[in-house]
Protein chains: 2
Amino acid sequence: MNASSDQSVLDLLRSRGLRMTPQRRAIVTEVMASNGHISPASLAERVRARVPGVDPSTVYRTLDLLEEVGVLSHTHLENGPEYHRLADSRHVHLVCSSCGSEDSLSLAEPDRLRDLVARHHSFAPDLTHFAISGLCRRCQGRRPR
Amino acid sequence: MNASSDQSVLDLLRSRGLRMTPQRRAIVTEVMASNGHISPASLAERVRARVPGVDPSTVYRTLDLLEEVGVLSHTHLENGPEYHRLADSRHVHLVCSSCGSEDSLSLAEPDRLRDLVARHHSFAPDLTHFAISGLCRRCQGRRPR
DNA sequence: GTCGTTGCAAAGCGTTTGCAACTAT
DNA sequence: ATAGTTGCAAACGCTTTGCAACGAC
């Protein structure tokens, strides 16, 4: 399953006349293997475990590329950007502002939210692009601030 | 009205034994005067118009201070952090991912959204912390991606 | 006189860019 | 052989930090 999505990405790149280097292959593999989101830094780290010496700039360039091609998208979390598969875009990030734990909404919820906003405003939100901050169940006990 | 909120902030700082320097006064004035959000950079610029020579580090330190004290909060927009008055927290940022225009939800809408998320999950979202990305009315015409 | 605050300079980080060497095709 | 790709080093922009001078109280 990961193999197949990897493959379709590789095919897509190939069809654009782009080249498959070991670095790129490793990056694609790692990105597709990460369910949820991953930061450029930890991606770089994991990639280097496969292909030692891969430069951060290569990771950044590849992330940009994969985003242009429509395979990935990124989100802004508290500590910078995180990338995720576009197929996972029904995945909304919920970050607890108190304990830092992360959770996510999935499936139909985002759509319902989107519709709710869209109905009342002429704005079609993509709730996956930025995270949603708030208090998780455990942290709701004590009032913040 | 701006004068009065400025005053209450100054009082708050004073009550904590903090000192009122002209730099700090200018920063407070500018922050409170900005409806909506403001970036550290443009804040610094505006402050320098009042008190020439104010260093960026002073602006950052003061923003941190005002946030600790509960006067300000920040949001993550596409191009970095933006600060806003905490009293404005019913102000949800809507950023168009296509044309970059910004708009905002206000009043009851955020509450309705919050309730919707809270009802289905044990998560109490603060929709003001991160912006919500999407397509504005004008950009909805042509399909993105 | 104290001790919080400031400006300055330097360091830190994450990210981008120019470029020559390299390599997939 | 051609043109895309990489690593390296340098440049960047934003933010943080150490520190001595300064200034509010």
Side-chain angles (χ1 to χ4, degrees), chain A residues 7 9-31 37-69 71-83, chain B residues 7 9-31 37-69 71-83:
Chain A
Q7 199 48 54
V9 172
L10 300 185
D11 288 344
L12 176 55
L13 296 180
R14 217 173 277 134
S15 74
R16 298 221 174 187
L18 301 175
R19 294 171 186 178
M20 286 313 310
T21 63
Q23 295 90 329
R24 190 165 283 176
R25 231 183 293 273
I27 294 172
V28 168
T29 301
E30 279 305 334
V31 165
H37 45 81
I38 186 169
S39 68
S42 65
L43 211 208
E45 192 184 333
R46 293 189 196 176
V47 168
R48 254 179 265 113
R50 290 173 176 274
V51 183
V54 175
D55 196 82
S57 65
T58 298
V59 173
Y60 282 107
R61 287 189 272 230
T62 305
L63 284 172
D64 287 348
L65 178 70
L66 293 175
E67 195 161 9
E68 282 171 22
V69 169
V71 172
L72 296 182
S73 181
H74 71 274
T75 279
H76 299 277
L77 266 52
E78 195 67 40
N79 294 299
E82 295 271 333
Y83 287 77
Chain B
Q7 198 50 51
V9 173
L10 301 186
D11 287 345
L12 176 56
L13 297 180
R14 217 173 278 134
S15 74
R16 299 220 174 187
L18 302 175
R19 295 172 186 174
M20 287 312 312
T21 64
Q23 294 91 329
R24 190 166 283 175
R25 232 184 293 273
I27 294 172
V28 168
T29 301
E30 280 305 335
V31 165
H37 45 81
I38 187 169
S39 68
S42 65
L43 211 208
E45 193 184 333
R46 294 188 196 177
V47 167
R48 255 179 264 111
R50 289 173 177 274
V51 183
V54 174
D55 196 82
S57 64
T58 299
V59 173
Y60 283 107
R61 287 189 274 230
T62 304
L63 284 172
D64 286 348
L65 178 69
L66 293 175
E67 195 161 11
E68 282 171 23
V69 168
V71 172
L72 296 181
S73 181
H74 72 272
T75 279
H76 299 277
L77 266 54
E78 196 67 40
N79 293 300
E82 296 269 333
Y83 286 77

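Atom set for the values below is all heavy atoms of this structure, side chains included, hydrogens, waters and symmetry mates excluded. Computed from a predicted model, the values in this text were never measured in an experiment. Reminder, nothing fancy here: chain letters follow the sequence lines and each chain counts from 1.
Heavy atoms of other residues, nucleotides or ligands lying less than 6.0 angstrom from CG of D55(B) number more than 12.
Atom CD in E68(A) sits roughly 14 Å away from atom C1' in dG4(D) (whole-Å rounding). What separates CG of L66(B) from P of dT5(C) is a distance of 11 Å, to the nearest Å. Distance D11(A) CG to dT25(C) P: 12 Å, rounded to the nearest Å. Spacing between atom CG of L65(A) and atom C1' of dA3(D) amounts to 15 Å, rounded to whole angstrom units. If you measure from atom CG of L10(B) to atom C1' of dC25(D), you get 16 Å, rounded to the nearest angstrom.
In this structure, CZ in R25(A) is found 12.0 Å from CZ in R50(A), a value given to the nearest 0.5 Å. Within the model, atoms CG of L72(A) and NE2 of H37(A) stand 14.0 Å from one another, a figure rounded to the nearest 0.5 Å. In this structure, L12(B) CG and L18(B) CG are separated by 8.5 Å, a value rounded to the nearest 0.5 Å. From L65(B), atom CG reaches atom CZ of R24(B) across 5.0 Å, with rounding to the nearest 0.5 Å. Here L10(A) contributes atom CG and S15(A) contributes atom OG; the two are 11.0 Å apart, rounded to the nearest 0.5 Å. To the nearest 0.5 Å, atom CZ of residue R48(A) and atom CD1 of residue I27(A) are 10.0 Å apart.
Each of T58(A) and A41(B) was matched to the nucleotide of DNA chain D holding its nearest heavy atom; the match closer to the 5' end belongs to T58(A).
Residues V51(A) and P22(A) approach most closely at CG2-O, 4.0 Å, considering heavy atoms. Across P40(A) and V59(A), no two heavy atoms sit closer than the pair O-CG1, 4.0 Å.
For the 3.5 Å distance criterion, the side chains of S42(B) and R46(B) fail to qualify, holding no donor opposite an acceptor.
Proximity of residues 13-28 of chain B to DNA chain D (heavy atom under 4.0 angstrom from any strand atom) is restricted to R19(B), M20(B), P22(B). The stretch residues 45-55 of chain B has no heavy atom under 4.0 angstrom from DNA chain D at all.
Using a 4.0 Å heavy-atom criterion, one finds that P56(A) contacts no nucleic acid atom at all.
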Below 3.5 Å is the cut-off: list the nitrogen or oxygen pairs between protein and nucleotides 18-21 of chain C, distance only.
| from | atom 1 | to | atom 2 | distance (Å) |
| --- | --- | --- | --- | --- |
| dG18(C) | O6 | R61(A) | NH1 | 3.4 |

Checking salt bridge (Lys or Arg N to Asp or Glu O under 4.0 Å) for the pair R61(A)/D64(A): CA distance, chi angles, key distance, verdict? CA-CA 5 Å; R61(A) 287 189 272 230; D64(A) 287 348; over 6 Å; no
